[in-house]
S.K.: 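This is the structure I want to talk about, given as structure tokens.
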Amino acid sequence: MIDGIYNVTVKTPIGVNRGSLKLESTADGENVKASLSLIGMGNLYSNGKLNGDTFTMQGNMRMFTFGHFAYNIKGEVEGRKLRAIAETTRGTFSIQGTRI
């Protein structure tokens with residue numbers, strides 16, 4: 001199960017940011033939505049696909065340091081640990097977190 005709130009570290013091409021990520025699966029277990037809060041900014045993502053403990057998402061993100069940009073995220077949750085890679089038009093972001 002991936003549902004929960006995670007303390008995350010996002011490594012970007014220009015540095016490291018810390019924040020929180022909330023993942024919530026749909027009742028059918030096939031989709032996931034996420035809410036990411038970094039540097040005082042929030043982003044809500046929908047249209048995520050779920051396959052067991054792995055997920056994918058794509059769309060547009062907004063960050064203080066990068067502005068608006070497109071992304072494709074592939075990630076997984078194992079126990080309380082979250083690992084993901086975001087391929088973006090601003091570079092590759094590594095995301096790691098722990099469920100709280």
Side-chain angles (χ1 to χ4, degrees):
M1 180 172 92
I2 70 164
D3 293 65
I5 298 172
Y6 299 80
N7 284 328
V8 293
T9 300
V10 180
K11 296 179 183 174
T12 74
I14 63 169
V16 175
N17 293 296
R18 289 176 174 68
S20 64
L21 173 68
K22 180 179 179 182
L23 294 176
E24 185 178 359
S25 59
T26 56
D28 62 11
E30 294 181 11
N31 299 293
V32 63
K33 61 182 176 179
S35 177
L36 175 66
S37 179
L38 287 175
I39 319 171
M41 297 184 77
N43 289 283
L44 178 63
Y45 311 103
S46 54
N47 301 323
K49 299 298 178 194
L50 188 57
N51 184 4
D53 290 333
T54 63
F55 60 92
T56 58
M57 294 183 175
Q58 60 185 12
N60 290 296
M61 182 181 292
R62 179 178 56 102
M63 289 180 74
F64 179 73
T65 53
F66 289 104
H68 290 275
F69 57 93
Y71 69 87
N72 286 297
I73 296 175
K74 292 181 183 178
E76 68 178 338
V77 173
E78 187 175 326
R80 293 181 51 228
K81 300 291 183 184
L82 175 138
R83 288 182 296 281
I85 296 291
E87 297 292 339
T88 80
T89 55
R90 301 284 198 254
T92 300
F93 297 12
S94 169
I95 306 165
Q96 295 186 11
T98 303
R99 184 181 299 133
I100 48 178

S.K.: Do the non-hydrogen side-chain atoms of Val16 and Thr9 ever get within less than 4.5 Å of each other?
M.R.: yes

S.K.: With no hydrogens and no angle check, just 3.5 Å: does a side-chain donor-acceptor pair link Thr98 and Asn7?
M.R.: no

S.K.: Restricting to non-hydrogen atoms, name the atom on Ala86 and the atom on Ile95 that form the minimum distance, rounded to 0.1 Å.
M.R.: CB-CD1, 4.3 Å

S.K.: Return the minimal non-hydrogen interatomic distance between Pro13 and Thr92, and the atom names on each side.
M.R.: CD-O, 3.9 Å

S.K.: At their closest point, which heavy atom of Met1 faces which heavy atom of Arg99, and how far apart are they?
M.R.: O-NH2, 2.8 Å

S.K.: Could you give the distance from CZ (Arg90) to OG1 (Thr88), rounded to the nearest 0.5 Å?
M.R.: 7.5 Å

S.K.: Tracing side-chain links under 4.5 Å among I, L, V, M, F, W and Y, which residues wind up in one group with Ile5?
M.R.: Ile100

S.K.: Apply side chain to side chain contact (heavy atoms under 4.5 Å, CB included) to residues Val32 and Met57 and explain how you reach the verdict.
M.R.: CA-CA 8 Å; Val32 63; Met57 294 183 175; 3.6 Å; yes

S.K.: Among Ile85, Thr54, Thr56, find the one that has a side-chain contact (heavy atoms from CB on, under 4.5 Å) with Lys74.
M.R.: Thr56

S.K.: So, are Glu76 and Lys81 salt-bridged, with charged N and O less than 4.0 Å apart?
M.R.: no

S.K.: Which value, rounded to the nearest 0.5 Å, describes the distance between Glu24 atom CD and Lys33 atom NZ?
M.R.: 4.5 Å

S.K.: Do Ile73 and Phe93 make a side-chain contact, defined as non-hydrogen atoms from C-beta onward lying under 4.5 Å apart?
M.R.: no

S.K.: Is there side-chain contact between Asp3 and Leu23, with heavy atoms separated by less than 4.5 Å?
M.R.: no

S.K.: Go through the steps for Leu50 and Asn31 under the test side chain to side chain contact (heavy atoms under 4.5 Å, CB included), then give the verdict.
M.R.: CA-CA 5 Å; Leu50 188 57; Asn31 299 293; 5.8 Å; no

S.K.: Would you say Asn51 has more than 12 foreign heavy atoms packed within less than 6.0 Å of its CG?
M.R.: no

S.K.: I need the Arg80 CZ to Tyr6 OH distance, nearest 0.5 Å.
M.R.: 10.0 Å

S.K.: Can you name the residues that form a side chain to side chain donor-acceptor pair (under 3.5 Å) with Ser94, not counting sequence neighbours?
M.R.: none

S.K.: Quick check on Arg18: does its CZ atom have over 12 non-hydrogen neighbours (other residues, nucleotides or ligands) under 6.0 Å away?
M.R.: no

